2 protein chains.
Amino acid sequence: MSSPAGDAGQLRRLIREIPDFPRPGIGFKDITPLMADPAALREAVRQLADYARPLRVDCVVAAEARGFLLGPALAIELGAGFVLARKPGKLPHETVSAEYTLEYGEARLEMHSDPTQHGRRVLVHDDLLATGGTARALCELVEQLGGEVAGCGFLVELAFLGGRERLAPYPAHALLSYES
Amino acid sequence: MSSPAGDAGQLRRLIREIPDFPRPGIGFKDITPLMADPAALREAVRQLADYARPLRVDCVVAAEARGFLLGPALAIELGAGFVLARKPGKLPHETVSAEYTLEYGEARLEMHSDPTQHGRRVLVHDDLLATGGTARALCELVEQLGGEVAGCGFLVELAFLGGRERLAPYPAHALLSYES
């Protein structure tokens, strides 16, 4: 058995840094090598579940597309359901929506508002915590539907972008934090 | 224990038909109630894995966004890795690409071509088999990278659209088939 720190090191080695993507000066954290590695994929979900299990959530909420990669597997590991947040016009039933700020302009996420989609205690998930805009919009959607955000769990955090501070007072946890 | 048919019936009851979405005359199969139900979510992945386990794949490939919902959880259940197919410009490393036909015009999917992403025996997955265009593009991408498509597994099949025939000779399996 390796230590938790060793486990995190194993995952970190499978995050590939791509310089200057999508724009010059940005170092993109590419999780595709981790996703393609059977042991690392399983381990990432296990570690996210270890964080979330004490929160006793009944539902995991995440946004397309990359939040869908680990959100449902995490929900299964927790014995919870999974609720989709999508870009406008993609969900076919009645929705609630929340705006969030991108680098240039605004974007919007929608969630179904029917009773099948109401979590009481909810884990917000994304693969990446950057500036926190997406996660904050997810928290707002959960609360619009009467749910409580028990916590936010991420695979990767870009700590230098201050997303954790912007998410407060919602508690955030990331498996892998980067300082640059 | 319920029978396999009973299990499929349980899942089917959680697929919501939305008339006239996204256009008049189309009956949309909404899987969000199934995704939000902890037991059904787990059961869907278990049944997809029951189909795929004898295929002994080392990797599951699926396209954004809805293929990401069950693909990675299915990979974990199979002890396999997960490889992402995305819309053009989303993947940061070198890619291969394949075109497919939509109702109006063409679309394109990309997959990373570096060695971390090469499956030898691959399961192609999507939540929905409609006309088969997306799945067929995924099969082409797998073969461009030297992999073998061992099978294609879907949650829902719209059998009246002939996707299974268009996918042949790739073998296809769906948990829930609809005749209209």
Side-chain angles (χ1 to χ4, degrees), chain A residues 14 16-22 26 28-46 58-84 86-87 89-93 111-112 114-119, chain B residues 14 16-22 26 28-46 58-84 86-87 89-93 111-112 114-119:
Chain A
L14 288 164
R16 175 167 53 188
E17 181 131 356
I18 312 270
D20 302 319
F21 186 89
I26 306 280
F28 188 85
K29 305 298 184 285
D30 176 18
I31 69 168
T32 64
L34 184 155
M35 293 296 301
D37 184 289
L41 172 57
R42 180 183 294 261
E43 177 65 16
V45 172
R46 195 189 65 74
D58 50 62
C59 145
V60 175
V61 168
E64 68 172 313
R66 281 164 42 188
F68 291 179
L69 287 169
L70 298 177
L74 178 55
I76 290 172
E77 186 78 12
L78 294 170
F82 181 76
V83 170
L84 293 70
R86 300 205 65 182
K87 289 164 190 162
K90 296 280 193 175
L91 289 170
H93 207 258
M111 231 162 80
H112 272 155
D114 67 274
T116 69
Q117 312 287 297
H118 289 206
Chain B
L14 288 165
R16 175 166 55 187
E17 181 130 357
I18 311 271
D20 301 320
F21 186 91
I26 307 279
F28 188 85
K29 306 296 184 285
D30 176 18
I31 68 168
T32 64
L34 185 156
M35 293 296 301
D37 184 289
L41 172 57
R42 181 184 293 261
E43 179 64 17
V45 172
R46 195 190 65 72
D58 50 62
C59 143
V60 175
V61 168
E64 69 171 311
R66 282 163 42 187
F68 291 180
L69 286 169
L70 297 177
L74 178 54
I76 290 172
E77 186 78 11
L78 295 169
F82 181 76
V83 170
L84 293 70
R86 300 205 65 183
K87 290 166 189 158
K90 296 280 193 177
L91 288 171
H93 207 256
M111 232 162 80
H112 273 155
D114 66 275
T116 68
Q117 312 287 298
H118 290 208

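This one's a predicted model, so the numbers in the text were calculated from it and none came from an experiment.
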Report task. Report yes if the side chains of B:R66 and A:R86 come closer than 4.5 Å at any heavy-atom pair, otherwise no. Result -> yes
Requested in this report: Measure distances from B:V45 to the heavy atoms of chain A and classify the residue's part below 4.5 Å as side chain, backbone, both or neither.
Outcome: side chain
Query raised in the report: So which part of B:L41 gets closer than 4.5 Å to some heavy atom of chain A, the side chain, the backbone, both or neither?
Result: both
Requested in this report: Please report the shortest heavy-atom distance between B:F21 and A:P92, naming the atom on each side.
Outcome: CD2-CB, 3.4 Å
Report task. Can you measure from CE (B:M35) to OG1 (A:T116) and round to the nearest 0.5 angstrom? Result -> 12.0 Å
Query raised in the report: A:E64, A:H118, A:Q117: which one forms the most heavy-atom pairs within less than 4.5 Å of chain B?
Result: A:Q117
Query raised in the report: At what distance, to the nearest 0.5 angstrom, does CG of A:D30 lie from NE2 of B:H93?
Result: 7.5 Å
Tabulate below the donor-acceptor pairs under 3.5 Å that side-chain atoms of residues 68-84 of chain B make, not counting sequence neighbours, or state none.
none

